[in-house]
Protein chains: 2
Amino acid sequence: MGREAIDEQAVLQYLSMDFIIGYKLRRAQLAVFQDFIDTFAELKLRPAEFAVIANIAANPGQKQAAIAETLGIKPANLVALIDGLEGRGLAERRRGDADRRTHSLFLTETGERFVDEMYAVWRGHEQRLIERLGGEAERDRLIGLLDRLLEGAVVSG
Amino acid sequence: MGREAIDEQAVLQYLSMDFIIGYKLRRAQLAVFQDFIDTFAELKLRPAEFAVIANIAANPGQKQAAIAETLGIKPANLVALIDGLEGRGLAERRRGDADRRTHSLFLTETGERFVDEMYAVWRGHEQRLIERLGGEAERDRLIGLLDRLLEGAVVSG
DNA sequence: TATTGTTATACTCTATAACTATA
DNA sequence: TATAGTTATAGAGTATAACAATA
């Protein structure tokens, strides 16, 4: 009966959802993405597009498969994303010289200028989140905890 | 030029994606949900279904609108979810007595037994996450930080 | 008239299989 | 044969508008 009492308490605790890590994580992620989407509405940039542009800027010439791997998305789903960026004149595919099956990705000149603007907007968004968290030390602590969840995760594949 | 140098450094930092809160949050949430999905594959329970059942169990008789509000989903999208639970004999709708437009939700006896099993499975999942984080104190710290992100968020509507 | 739950529908994100062109 | 990128497609999740029953 002692055991039942403990279980009952635990059940009530989890049923409140307040201590469920995945639930809180999802709600927080949605709130942060909503802020991102609102913030970047003017630049018409979605989170995935931001991530792709940032990745090309950090490593110009990367192949599509490498970016998909880095961002954890399927190569097939990267195609429309890059089509969009290419259509807006921000990025371009260049056929591989050695291996003509591959596409290396680069920012255009327009894309380079866009990155500057994107960064300025992003800084406002990120600063707002840091303030909500209570400062950069808290931000670092959060990133550290999230990294632990990621490091411990079973890699699918 | 001093200013440019600073911006360039900041750009490189953010382009590495390592300090972007939303990005890390999304990756961690996906990793945690993947663990949840694998863990609950046997019970054939998705995160949203878990949340609905937990909510009914915590507050039997709640109306659909209230649950949708609590979980942050649209009433229209709750319909199929509850249809599924009702179809499996876990939950049931009861027409409101005072207001016959409303549906109050309850667990069936099967549902009550299912909750016990669900809790046992959930405890393994949550314990695994707590271990990844480094203990309950770290879990509490993470929840606290996520709450700050949620509290500071602009409520849509 | 307004509200609860429902239906229909569309849009995004994600996953898989089959295709092409190259290797 | 195998691989990089592509196409087509299907499944979740989520959003809105219109409807029926009821208030």
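All of these numbers come straight from a predicted model, not from anything done at the bench. Proteins get letters first, then strands, A, B, ... in listed order; numbering begins at 1 in each.
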message = Under 4.5 Å between side-chain heavy atoms, counting indirect links through other Ile/Leu/Val/Met/Phe/Trp/Tyr residues: same cluster for A:F106 and A:F50 or not?
response = no
query = For the side chain of B:R46, counting heavy atoms from C-beta on, which of D:dT6, D:dG13, C:dA15 is nearest?
reply = D:dG13
ask   = Are any non-hydrogen side-chain atoms of B:N55 and B:V52 less than 4.5 angstrom apart?
value = no
inquiry  = Tell me the interatomic distance from B:F33, atom CZ, to C:dT14, atom P, rounded to whole angstroms.
reply    = 14 Å
ask   = Checking A:E117 side chain against A:F114 main chain: does a donor-acceptor pair fall under 3.5 Å?
value = no
key: Residues from residues 60-70 of chain B lying under 4.0 Å of DNA chain C - heavy atoms   = B:K63, B:Q64, B:A65
request  = Name the closest nucleotide to the B:I73 side chain, picking from C:dT14, C:dT6, D:dT14.
outcome  = D:dT14
key: Joint hydrophobic cluster, A:L149 plus B:I37, side-chain heavy atoms closer than 4.5 Å   = no
query = Base, sugar-phosphate alone, or nothing: which one does B:A76 contact when heavy atoms must sit under 4.0 Å apart?
reply = base
ask   = Atom CZ of B:R100 and atom C1' of C:dT4: how far apart are they, to the nearest Å?
value = 13 Å
Rounded distance in Å - CD (B:E92) to P (C:dG5) = 16 Å
Residue met sooner reading DNA chain C from 5', once A:G72 and A:A98 are mapped to nucleotides = A:G72
inquiry  = I'd like to know if the side chain of B:E86 and the backbone of B:R93 have a donor-acceptor N/O pair within less than 3.5 Å.
reply    = yes
Strand contacts (DNA chain D) in residues 77-91 of chain A, 4.0 angstrom heavy-atom criterion = A:V79
query = Is A:I73 linked to A:L85 within one hydrophobic cluster, defined over Ile, Leu, Val, Met, Phe, Trp and Tyr using a side-chain heavy-atom separation of less than 4.5 Å?
reply = yes
query = Over how many whole Å does the gap from B:L71 atom CG to D:dA15 atom P extend?
reply = 13 Å
task = Among A:R139, A:E138, A:R132, A:K24, find the residue that satisfies the side-chain contact (heavy atoms from CB on, under 4.5 Å) test when tested with B:L145.
result = A:E138
message = For B:E112, is the CD atom crowded, meaning more than 12 foreign heavy atoms sit under 6.0 Å from it?
response = yes
Whole-Å gap separating P (C:dT12) and CD (A:E49) = 11 Å
remark   = note: A:D99, atom CG; C:dA21, atom C1'; distance rounded to Å ~ 10 Å
ask   = Can you tell me if A:S104 and A:R95 form a side-chain donor-acceptor pair at under 3.5 Å?
value = no
key: Which nucleotide in D:dA4, C:dA15, C:dT6 has an atom nearest any side-chain atom of A:K74   = C:dA15
note = Which of D:dA12, D:dA15, C:dT22 is nearest the side chain of A:R101? It is C:dT22
query = Separation of B:I37 atom CD1 from C:dT14 atom P, in whole Å?
reply = 13 Å
request  = Could you check whether A:R26 gets within reach of a base, just the sugar-phosphate, or nothing at all, counting any heavy atom under 4.0 Å?
outcome  = sugar-phosphate
With a cut-off of 3.5 Å and sequence neighbours excluded, list every side-chain donor-acceptor pair involving residues 25-32 of chain B.
{"residue": "B:R27", "atom": "NH1", "partner": "A:T70", "partner atom": "O", "Å": "3.1"}
{"residue": "B:R27", "atom": "NH1", "partner": "A:L71", "partner atom": "O", "Å": "3.3"}
{"residue": "B:R27", "atom": "NH1", "partner": "B:Y23", "partner atom": "OH", "Å": "2.8"}

inquiry  = Rounded to whole Å, how long is the line connecting atom CZ of A:R93 with atom C1' of D:dA4?
reply    = 12 Å
